[in-house]
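Remarks on the structure that follows.
FYI, side chains are in, hydrogens and waters are out, and symmetry mates aren't considered; it's all heavy atoms of this structure. In this text the structure is predicted, and so the values were computed from the model without any measurement.
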Amino acid sequence: MLAGAVRRPVDNTFSVALDLAQVYRENVSQSSIYYNNASRSPENAVDGITDQTVAHGHCAVTHHEQPAWWRIKFEDKVFIDHIVIYHRNESEVKLKRFQNSTVHLSDDCSSRQVYQQTEDPTSPWKDIFNITVNAVGQFVTICQTLGYVQLCELQVMGCPYGQYGNQCNLTCGNCNNGTCHLSDGECEDQYMEPMCKSCDDGCTDSSCNKDGCTRGCVAGKHGDYCDLPCPTNCEDSTCDQSTGHCSGCTDGHWGDKCQTECPTNCSNSVCGQTDGHCTKGCVVGQWGDKCQTECPTNCSNSVCGQTDGHCTKGCVVGQWGDKCQTECPTNCSKSVCGQTDGHCTKGCVVGQWGDKCQTECPTNCSNSVCGQTDGHCTKGCVVGQWGDKCQTECPTNCSNSVCGQTDGHCTKGCVVGQWGDKCQTECPTNCSKSVCGQTDGHCTKGCIVGQWGDKCQTECPTNCSNSVCGQTDGLCTKGCNPGLFGPTCDIQCGYCVANSCRQDGGVCDSECRVGYWGYNCSELCTNKCADKTCSKQTGACVKRCKAGYRGQDCTDSKSLVIPNEYLNLYQRCICLYI
């Protein structure tokens, strides 16, 4: 309650007729004047005119600012019974500007607040505000933190300090500081009359009456006259005036009067005042409302929850459960499992699988390694097996019995004589050494004699020497049978001696038969040569012409005698020229 406030019920039949604002109207001010318009100045709010229309020039208006305020200062303290405020009321918007306004008996907007308009004044409509105060003050300040102050009239009903009565024409008696009740002059505070004792030093503001301290006790005191000490362990040395109960305890104590020490294991020795329960938790290793119980042995770092003792930071290695009371499954890798369900969280030892590693890996997994989730062999299979769990034998014809884990395909090839992804097909009959490619069955080492083609499915040409031909194109690669030439030995040689000619062009290997000449001995010697003998290269008669002919080819019928010593030279020149 504010200093000087009345302690008894307000007498609603009594009314003070004096408006103190009219008495001290010169001492008014405000945070700003709306656009420096004199018709909005602070004096307008105490001109005695209650016109609530701003345009008529009888209202005080500030700028929109934070905070906006209007203030009146009295020459000395006065006793204020009530305040009447007339606010601007031209529209709903204008009247709403009074919402959140506050009234203070001070020269600022932060202390001695006696009123705040929290409700919307337009619902229901209310533009005149009658505020009961019953307190002593030297200022009245109207504040608005969200906009304008728009005050059309302020009435401060009360009496100068030390006066009372309807017209404030009576003087208070021997009341301390001259304060008395406005209606009948009765002293309300700090009696000084002979029958009253002086206030004890423990009274707040030294305020008391015949029944004791009226404004409570200073820190450290309680009782009607505040002459009793508060319990030692009360927080801030504050206790209830009537009972002496502490409003709070210093750390380490609890109880109405903080007479009991907090349990030893409370964290920072803090506990609840009402029941001594540890309110900030327990020291490490304890749990319970008073931290009276040790945490389970297997809690990690001995940490557990205060409410139920559950291990909140996990378990030591090898244990699981809310209180880590159960051992992890034997086959968990490194004995690590999840606290909630005991599942092995770091995998299994070699040879096991399952959420708790309770199942053996399939027999044919390589190195007995399988996946924890489904038991599939993750490092492959032993030789000869395939499948996610290596449950199927590799095909019989896989080389070294090796096949792929996923599909059983032979990955290292096939045994001799087979081909296909699973080596399920025999190589073609005519493949050399029965060897063929795994992918397409082509003979990769060639064909047996007499055959050609990617699968050696075609016979070599009949006239190939020893029936040998190339696998790719069937051409005779070892020559032709006598008397033949050409890629496939299907062309007759010319009139070669011994019926022998070259395969690549049919050129006779030696001389031509008598009567023939040319590179393949297919040209006839002229019949004018003696003995039908002519040069293989030129067709010129080698020995001599028949009688009656002469010349290189013996076609000249005139006689021409060439000495024998020049005959060979002549023939050689002719050969070179040709």
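Using a 3.5 Å distance cut-off with no hydrogens or angles, the side chains of Thr345 and His343 do not pair a donor with an acceptor. Side-chain polar atoms of Tyr115 and Gln117 form a donor-acceptor pair below 3.5 angstrom. Counting only N and O atoms by type, the side chains of Asn520 and Ser522 include a donor and acceptor under 3.5 Å apart. Using modelled atom types, one finds a donor on one side chain and an acceptor on the other under 3.5 Å when comparing Glu65 with Ser31. Defined by atom type and a distance below 3.5 Å, a donor-acceptor pair is present between the side-chain atoms of Ser101 and Gln144. Side-chain atoms of Asp108 and Ser111 include a donor-acceptor pair closer than 3.5 Å.
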Disulfide (SG to SG under 2.5 Å) evaluation trace for Cys512 with Cys521: CA-CA 5 Å; Cys512 298; Cys521 300; 1.8 Å; yes
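A side-chain donor-acceptor contact under 3.5 Å links Gln471 to the backbone of Gly453.
Each of Cys262, Cys291, Cys271, Cys266 was checked for a disulfide (SG to SG under 2.5 Å) with Cys278, and the lone residue meeting it is Cys266.
More than 12 heavy atoms of other residues, nucleotides or ligands lie within 6.0 Å of OH in Tyr148, so this atom counts as buried by the packing criterion. Remark: Lys536 NZ is packed, more than 12 non-hydrogen atoms of other residues, nucleotides or ligands lying under 6.0 Å away.
In terms of heavy atoms, Asn466 sits closest to Val449 at O-CG1, 3.4 Å. Of all the heavy atoms in His63 and Ser32, the pair that sits closest is N-OG, 2.9 Å. Across every non-hydrogen atom of Lys455 and Trp419, the tightest pair is NZ-CZ2, 4.3 Å. Minimum heavy-atom separation, Trp69 to Cys109: CB-SG, 4.1 Å.
For residues 473-496, no residue pair satisfies the salt bridge (charged side-chain N to carboxylate O under 4.0 Å, His left out) rule, not counting sequence neighbours. For the side-chain hydrogen bond (donor to acceptor under 3.5 Å, both in side chains) condition, the pairs that include at least one residue of residues 230-245, sequence neighbours left out, are Asn233-His253, Asp240-Thr243.
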